Amino acid sequence: MIHVFNTMTRTKELFTAIQPGVVNMYVCGPTVYNYIHIGNARSAIAFDTIRRYFEYSGYQVNYVSNFTDVDDKIIKAAHEAGISEQALTTKFEQAFNDDTKPLNIKPATVRPLATEHIDEIIAFVVDLIAKGYAYEAQGDVYFRARKFPDYGHLAHQNIDDLEIGASERLDDGELARKEDPVDFAVWKGANPDEAITWASPWGPGRPGWHIECSVMALKYLGTTIDIHGGGQDLAFPHHTNEIAQSEAHTGTTFANYWLHNGFVTVGDDNEKMSKSLGNFVTVHDLLQDVDAQALRLMMATTHYRRPLAYTKVAITEAIQIVKRLQTAYANLAFRVQQADAVQTPDVDFTAQVNAFKVNFMQAMDDDFNVANAMTVINDFATALNVYANQAAVSALTGQLALDEFAAEVMVIGVDVQPVANDDDTSWIDEQVAARDAAKKAKDYAQADAIRAALKAQGIILEDTAQGTRWKKE
RNA sequence: GAUGGUAUAGCCAAGUGGUAAGGCAUGGGUCUGCAACACCCUGAUCGUCGGUUCGAAUCCGAUUACCAUCUCCA
C-alpha cells in the first residue's frame, strides 16, 4: 500500500492506480539548451527512484518525460552559437542521455518533443478557443485564467495576489494584448527575426511553454493520468497552467497525484542552484571526477521533497556507502560460489531476508522514505557479511539474499553487481598463487612483497577462510 | 505583503504523545603471521521561551534564524 504526498491536497494519500497494476506518470523534463545541472539530475533521479519502486512493487510504469525543444532560451542560445535551434537541441538531448545513463536513470518509456507535436498542439488550442477558454490577440493566443475555476489551487496561490505580481512584470506590449494580466500564452506569434515558426490559424508562431506537456500527456497517457511530477518550482506557473488547459480541454481531472521534488542547494547559505542564478554545476563536468554511483546514491537517499545540499562531504560519504554495499554483495557472492556452500535452503536466513524485504517496503511505501529504507539496506548489508563469515552457508539462500539485496539497492539506483571484465587477469591469479605458496612456506617477506607489488598496481588482496581473493581499488 | 519549507550528536539524518533508528567520521576491541575484508562496542534530551499532559523532539502559543515560490528555472 503505497502512500504519496500530493501537493494538491498537501497530505499523504493512499495511492490508487486508475488501472490496477499500471502507473501512468508524466514528469516534466528539461529545456535542452545546455548541459543539465545537478538540480535537473536530482529531479530525474527522484522520479526514477519513484518509478523503480513502483516497478519493484509489481506495477507496470508508463513513464513519459519530455524535452522542451522550443522556447526563448533555445532561440537565444542557438543564435549565440551560430547554429540552428535543432542542431542545438539535438546536441543537448544526446548530452542528457549521456549524462543520465551513468546515473542509472532509466530511459523514459516515451520521450516526446514539443516540436514533433505541433499539429496536436494547434488542435488543442483551437479547441480551447472554441470552448471560450482562450482568445487570439494579434497573433498570440492566451488562456483566460480567471475563467478556470480554482486557478492556482495547486500552488495555493490566490489569483488576485498573482495579478499584482503579473502586472508588475509584464512588458507593455504583452500586457496590452492580454485581457487580464494573469492570462498566459498557449501560442506565441512569431517575431519577425525568428526562424523557428510553424503556420497556424493565427499566423506563424510557436507553442507556449505549458501547452506541450498538456498535449503530450494526453496523447501518451490519456485524459487522466495517475502521477504528474516535476521540480517544486514548476508547481507555479507551469503545472498550474497545465491543469487549467488540460481540464478546460477534457472536462475532467488532469492528474490524480502531484509530486514535486525539492531543490539542490549550494554554498554555506544553502542557496537554490539554478541556471538563472548561475551557481550551477553541470553533470557533464561533475562526472569527470566524481563517481556516478556515489552521486546517484547521494541524490537518491535524500528524501525527494527535502532540499538537498550539494557538498563535497556528502559525496565523500556516498562513496563510502556505495563501497560498503558493493563489498557486502561481493563478500557473500564469493562465498556462495565456493564449493563448500551447500545446495539446501537455510530456513533462518530465508526468514531474515524476507523480513528485510518487508521492512524495506514498509519504508518505501511511506512516500518513498529512502532514509528509513537505507537503514534496512544497511542492516541487510551487515547480515550478508555476517552470513558470508558463517562456517556453513547455503548457496541457494545466499543467492536468494543477494538477488533481493541487489534489487532493493537498485531501487535507489545503485548497481552492486560487479561489471563484467574482459581483461586478461590470469597474471593476477598467478601472483596470488605465488603468494599463497610463500605464505605456506612461511616466507612472509616474499608474500608481503608480492602483495605490495599488486597493491602498487591497484590490486587489493583479501584473505578468507575459503582462500585469497582480489579486487581492484 | 501572500504562500510554503527547514532547525535533532562533529557531519548527514529517521522519528507526529510513552521515554531519541541508521549512516559517515572518531576512539576501543575481535579476526589475521602482519595486513585487507568483516564483525562487535563507543556519542545527543531534540533552535529559544512559555503552555497543555501522568508523560512532548512529537500538541498549542510566542520568538529567532535560514531557504524557497508568487509567470525564465528541476
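Given the structure is predicted, the values throughout are model-derived calculations rather than measurements. Numbered from 1 within each chain, the chains take letters A, B, ... in sequence-line order.
- The phosphate of B/U6 has neither OP1 nor OP2 within less than 4.0 Å of any side-chain N or O from A/Arg306.
- Remark: A/Lys272 is not in phosphate contact with B/A74, judged by side-chain N or O atoms under 4.0 Å from OP1 or OP2.
- A cation-pi geometry, defined here as NZ or CZ lying under 6.0 Å from the six-membered ring centre and within 45° of its normal, holds between A/Arg111 and A/Phe67.
- Taking only side-chain nitrogens and oxygens, A/Gln320 comes nearer than 4.0 Å to OP1 or OP2 of B/A25.
- Look at the C1' atom in both B/U42 and B/A57: the space between them is 24 Å, to the nearest Å.
- Across all strands shown, B/C70 forms a Watson-Crick or G-U wobble pair with B/G1, both key distances being under 3.5 Å.
- Aromatic ring centres of A/Tyr35 and A/Phe92 lie closer together than 6.0 Å.
- Heavy atoms from other residues, nucleotides or ligands lying under 6.0 Å from NE2 of A/His3 number more than 12.
- Considering only side-chain N and O atoms, A/Arg324 lies under 4.0 angstrom from the phosphate OP1 or OP2 of B/C39.
- For B/G15, the base has no donor-acceptor partner in the side chain of A/Asn372 [N/O atoms by modelled type, under 3.5 angstrom].
- Side-chain N/O atoms of A/Asp448 and base N/O atoms of B/A35 include no donor-acceptor pair closer than 3.5 Å.
- Side-chain N/O atoms of A/Arg451 and base N/O atoms of B/C34 include a donor-acceptor pair closer than 3.5 Å.
- Only the C1' atoms considered, B/C11 is 33 Å distant from B/G61, to the nearest whole Å.
- Between A/Asn378 and B/A21, a side-chain N or O to OP1/OP2 separation shorter than 4.0 Å is absent.
- In this pair, A/Trp258 and A/Phe254 present their aromatic rings tilted. The plane angle is within the 30 to 60° band.
- Contact annotation: side chain of A/Thr375 to base of B/A21, donor-acceptor pair present below 3.5 Å.
- The shortest distance between the side-chain N/O atoms of A/Thr302 and the OP1/OP2 oxygens of B/C12 is not below 4.0 Å.
- Each of A/Phe184 and A/Glu317 lies near RNA chain B, and the nucleotide nearest A/Glu317 is the one positioned closer to the 5' end.
- With RNA chain B read from its 5' end, the first of the two nearest nucleotides for A/Thr382 and A/Pro237 is the one closest to A/Thr382.
- Using Watson-Crick or G-U wobble geometry with both donor-acceptor distances under 3.5 Å, B/A38 finds its partner in B/U30.
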